[in-house]
Amino acid sequence: MRFDQRTHFAGELRPSDVGKTVCLNGWCHRVRDLGGLLFVDLRDRSGICQLFFDPAKFEGLKSLRSECVLSITGEVVMRSPEAVNPKIPTGEIEIRVDNFAVLADCDVLPFPVSDEEQMENVSEELRIKHRYLDLRRPSMYRSLAVRAECVRLIREFLDQRGFIEVETPIFTRSTPEGARDYLVPYRLEPGKFYALPQSPQQYKQLLMVAGFEKYYQIAKCFRDEAQRADRQPEFTQLDLEMSFVVQEDILTLAEAMTRHVCNACIQKFELDLDPVGPFPRISYDEAMRKYGTDKPDLRFGLELFDVTEIARQCGFGVFKSAADSGGVVRGAIYPGGGSLSRKEVEKLEEFAKSFGAKGLAQLFIAQEPKGIAKFLTPHEIEQIRSLAKANEGDLLLFVADQAETADGVLSRLRVEIAERCGLRDKRKLQFCWVLDFPLVIWNEEENRWDATHHPFTSPKPEDIQSLDTDPGSVRADCYDIVCNGVEWASGSIRIHDPELQARVFTLLGVNEATQRSRFGHILDAFKFGAPPHGGIAPGIDRLAMFLLGKENIREVMAFPKVGGGYDPLMDAPNTIDQAQWDEMGLMLKKP
RNA sequence: GCGGGCGUAGCUCAGUUCGGUCAGAGCGCCGGCCUGUCACGCCGGAGGUCGCGGGUUCAAGUCCCGUCGUCCGCGCCA
């Protein structure tokens, strides 16, 4: 089809363009047919401009339907003062159309594309099935534009500092550690499979051995695990690695980059966010002690407190037995919670139970303390009040259980309390560093040590001596960036000494034969002059979520999948032809 | 793997408590009217396997059982 090329973008026309004859290409956003005159809002990537049609001059105006594709020529004219629309940037002018052509018709739409308010409630599956329509909405375009700008700023920042961007393979080998792999059958040897990378971890270390020194990649990662609002089966990380660095070098670089990228985006897109400040640093131990989690939301205080020692001595059976059986008694503070109704407190208890608490003991701080006060002496109550830094009118909530359970419950309760108290400031992106993770944690079920981060993470040099005697006490050169209670980036200094790497593998229960078969390539590589190196990997999708204030990762991905990893747009995954089964040498196992 | 919410017109929802004028609304769509709208307005109309299957009942959108889909969460996510 022939059509005239546009001379201008619809959203950029202003009174200064009055008198010009322009050609616009775009979509029919909305039609207003007043009988003796007709208006169309024409939309393109840049915005919206009102078109004026004189029905006396044209045939076929009935073919102007929502979301059809239009090409028009006409003259830019001023609107009369009372006809100005202050809601849109082009509202002072309109186009008097001389010629128009419908380049493509549009069927009845599955959802109201032009109505952002109604689109809020449209089912996600339907939006994703017709994503090409959903993405026509200016708000969706803007989300992807912010995301693209993040990536552009990252590239610019790292390129200026001498990094080289390298692509690593999507077809690689399975590493049974960590998440479940996505597998791709290998045609030439039936029974063998590629795996899609959970991250480019090993490749980037090999690039360090190769002497690239400063590498990054905007890398697709694949993990076959259950989805969440902020997790998709395939997602994107900024993967970066540097040689001849210590932990401080990575921290400095990553923090500077993050602040630069965020603040530039906030400014460019006029995002509803305060500038991102320096990142506080806290140790893993401190995070666990104060917040019960290694990803604390630091927009507010509400520190947890530990009353195990008081509990051990007290006359309250629930507390005492928990303390005596190796558990803990920890608590959270609800400022002003003394005025909550019984029903509201019950809701908090239900909340706690849904995360595994057996109960939620309450202590109301007042002239006449209530709740579990009757089981405690005035001295004990005062000790607890002091530990909790509580004042009159506050409510203290306690979980008595094994430390892991108590922390799990209380860390979530703390966030819930903050939410109810309006302490989760939407304007704030509170990044922080969490440092000094333990190298390994004991896996009760499998009866072995697991790597906290991954098996290539270096122990702190000063802790290596305890590797064999007291592995649980060994800290790692490992660091996370957390933002508003969400893990955003994770990194470490890597082991570059094959002997130390072998010792760590042995600690993790990976025997020598398995080390050879599964990690031989990287152990070999390290024998040929591996430099000290380390890196970090922040999530690109989540960064876009932070900046846009989105709770859902699908809002910042062009073509996301729904719940079970299903893509309603492509109808994938799907069956394959018998010939493809045969060619792959595969058969379906009968259930 | 588990728990909870939702599933009724193209879209968003009401109706499900307590089975019986209960096939409804707004938007969209179609037709008509309309010379300054911008969520245009007014009049009229079409449109439904109440997710699917089974059961109870004289009678099921409504109650029971099963199942599928989706959303949120738990487990999982080196």
Side-chain angles (χ1 to χ4, degrees), chain A residues 29-42 48-56 62 65-67 77 79-88 90-91 94 96 106-130 133 175-181 198-199 201-202 221-233 235 350-351 353-356 408-409 412 437 439-441 443 445-446 449-457 476 478 487 490 492 504-505 508 510 518-519 537 539 551-552 554 561-564 566 568:
Chain A
H29 189 67
R30 204 165 266 174
V31 182
R32 288 179 296 280
D33 182 356
L34 276 66
L37 70 174
L38 186 148
F39 299 102
V40 168
D41 291 333
L42 182 137
I48 283 172
C49 182
Q50 175 165 283
L51 309 178
F52 174 92
F53 289 80
D54 179 357
K62 281 283 170 207
R65 302 157 51 86
S66 284
E67 297 303 320
V77 299
R79 300 193 195 185
S80 61
E82 66 276 11
V84 164
N85 182 357
K87 292 182 201 164
I88 55 173
T90 60
E94 64 189 5
R96 284 189 188 269
C106 179
D107 277 357
V108 174
L109 296 162
F111 45 70
V113 174
S114 67
D115 190 329
E116 290 280 4
E117 202 174 317
Q118 286 192 52
M119 286 303 297
E120 293 283 309
N121 295 319
V122 173
S123 92
E124 284 217 58
E125 190 187 15
L126 197 66
R127 285 175 52 204
I128 293 169
K129 181 169 181 177
H130 303 277
L133 290 175
T175 50
E177 296 76 19
R180 195 177 298 113
D181 285 320
Q198 298 178 26
S199 78
Q201 183 61 36
Q202 295 189 42
C221 305
F222 307 87
R223 294 180 191 174
D224 185 3
E225 295 294 339
Q227 285 178 224
R228 287 287 186 279
D230 62 351
R231 272 173 20 198
Q232 280 271 306
F235 59 99
E350 283 310 307
F351 180 87
K353 283 180 176 171
S354 74
F355 293 104
V409 172
R412 283 151 162 150
F437 283 77
L439 182 72
V440 292
I441 49 169
N443 182 330
E445 283 161 32
E446 307 280 340
W449 292 103
D450 280 345
T452 308
H453 185 53
H454 59 57
F456 311 109
T457 300
C478 182
E487 183 187 324
S490 199
S492 63
V504 171
F505 274 136
L508 296 173
V510 183
R518 229 178 253 171
F519 301 105
E551 299 288 326
N552 196 303
R554 293 183 290 270
K561 290 174 175 54
V562 297
Y566 176 65

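Throughout, protein chains are lettered first and strands after them, A, B, ... in sequence-line order, and every chain is numbered starting at 1. Predicted model, so just to flag it, every value in this text is computed and none were measured.
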Distance between the [atom1] atoms of [N] and [M], in whole angstroms?
| N | M | atom1 | answer |
| --- | --- | --- | --- |
| B/G55 | B/G19 | C1' | 15 Å |
| B/U16 | B/G10 | P | 23 Å |
| B/A59 | B/G47 | P | 29 Å |
| B/C29 | B/U12 | C1' | 16 Å |

Whole angstroms only, please: what is the [atom1]-[atom2] distance between [X] and [N]?
| X | N | atom1 | atom2 | result |
| --- | --- | --- | --- | --- |
| A/Leu109 | B/G28 | CG | C1' | 9 Å |
| A/Glu125 | B/U70 | CD | C1' | 6 Å |
| A/Arg32 | B/C38 | CZ | C1' | 3 Å |
| A/Leu126 | B/U12 | CG | C1' | 11 Å |
| A/Leu51 | B/C40 | CG | P | 14 Å |
| A/Glu350 | B/G4 | CD | P | 13 Å |
| A/Asp181 | B/C76 | CG | P | 18 Å |
| A/Gln50 | B/C40 | CD | P | 10 Å |

Looking at [X], does any N or O in its side chain come under 4.0 Å of the phosphate oxygens OP1/OP2 on [N]?
| X | N | answer |
| --- | --- | --- |
| A/Arg127 | B/C71 | no |
| A/Lys62 | B/C30 | no |
| A/Asn552 | B/C71 | no |

Item checked: Which atom of A/Glu177 lies closest to which atom of A/Arg518, heavy atoms considered ->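 In this case the closest contact between A/Glu177 and A/Arg518 is OE2-NH1, 2.9 Å.
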Ignoring the backbone of [X], work out which of [options] is nearest its side chain.
| X | options | result |
| --- | --- | --- |
| A/Val562 | B/C77, B/C71, B/C74 | B/C71 |
| A/Arg231 | B/U70, B/U37, B/C77 | B/C77 |
| A/Arg554 | B/C27, B/C77, B/C72 | B/C72 |

Does a distance-only test, which skips hydrogens and angles, find a donor-acceptor pair under 3.5 Å between the side chain of [X] and the base of [N]?
| X | N | answer |
| --- | --- | --- |
| A/Glu225 | B/G75 | no |
| A/Arg228 | B/G75 | yes |
| A/Arg223 | B/C77 | no |
| A/Arg30 | B/U37 | no |
| A/Glu120 | B/U12 | no |

Could you let me know what [N] is paired to, Watson-Crick or G-U wobble, both distances under 3.5 Å, or none if it's on its own?
| N | answer |
| --- | --- |
| B/C63 | B/G55 |
| B/C38 | none |
| B/C13 | B/G24 |
| B/C2 | B/G73 |

When we call it a touch if two heavy atoms are under 4.0 Å apart, what does [X] touch: a base, just sugar-phosphate, or nothing?
| X | answer |
| --- | --- |
| A/Arg518 | nothing |
| A/Ser114 | nothing |
| A/Ala83 | base |
| A/Val40 | nothing |
| A/Glu94 | base |
| A/Asp450 | nothing |
| A/Asp115 | nothing |
| A/Phe52 | base |

Checklist line | Ring centres under 6.0 angstrom apart (A/Phe53, A/Phe39) | finding: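 They do not qualify: ring centres at least 6.0 Å apart.
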Note to self: Treating A/Gln198 as the side-chain partner and A/Ala179 as the backbone partner, does any N or O pair qualify as donor plus acceptor under 3.5 Å?
What the structure shows: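 Confirmed, A/Gln198 side chain pairs with A/Ala179 backbone.
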Do [X] and [Y] come close enough that some side-chain heavy atom pair is under 4.5 Å?
| X | Y | result |
| --- | --- | --- |
| A/Gln202 | A/Thr175 | yes |
| A/Arg554 | A/Arg127 | no |
| A/Arg65 | A/Val108 | yes |

Notebook entry, point to check: With nearest nucleotides of RNA chain B determined for A/Pro112 and A/Thr452 from heavy-atom distances, which residue corresponds to the more 5′ nucleotide?
Noted result: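 The residue whose closest nucleotide sits nearer the 5' end is A/Pro112.
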Next item on the list: Please determine, by modelled atom types, if A/Glu446 and A/Asn443 share a side-chain donor-acceptor pair under 3.5 angstrom.
Entry: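 Looking only at side-chain atoms, A/Asn443 and A/Glu446 do not form any donor-acceptor pair under 3.5 Å.
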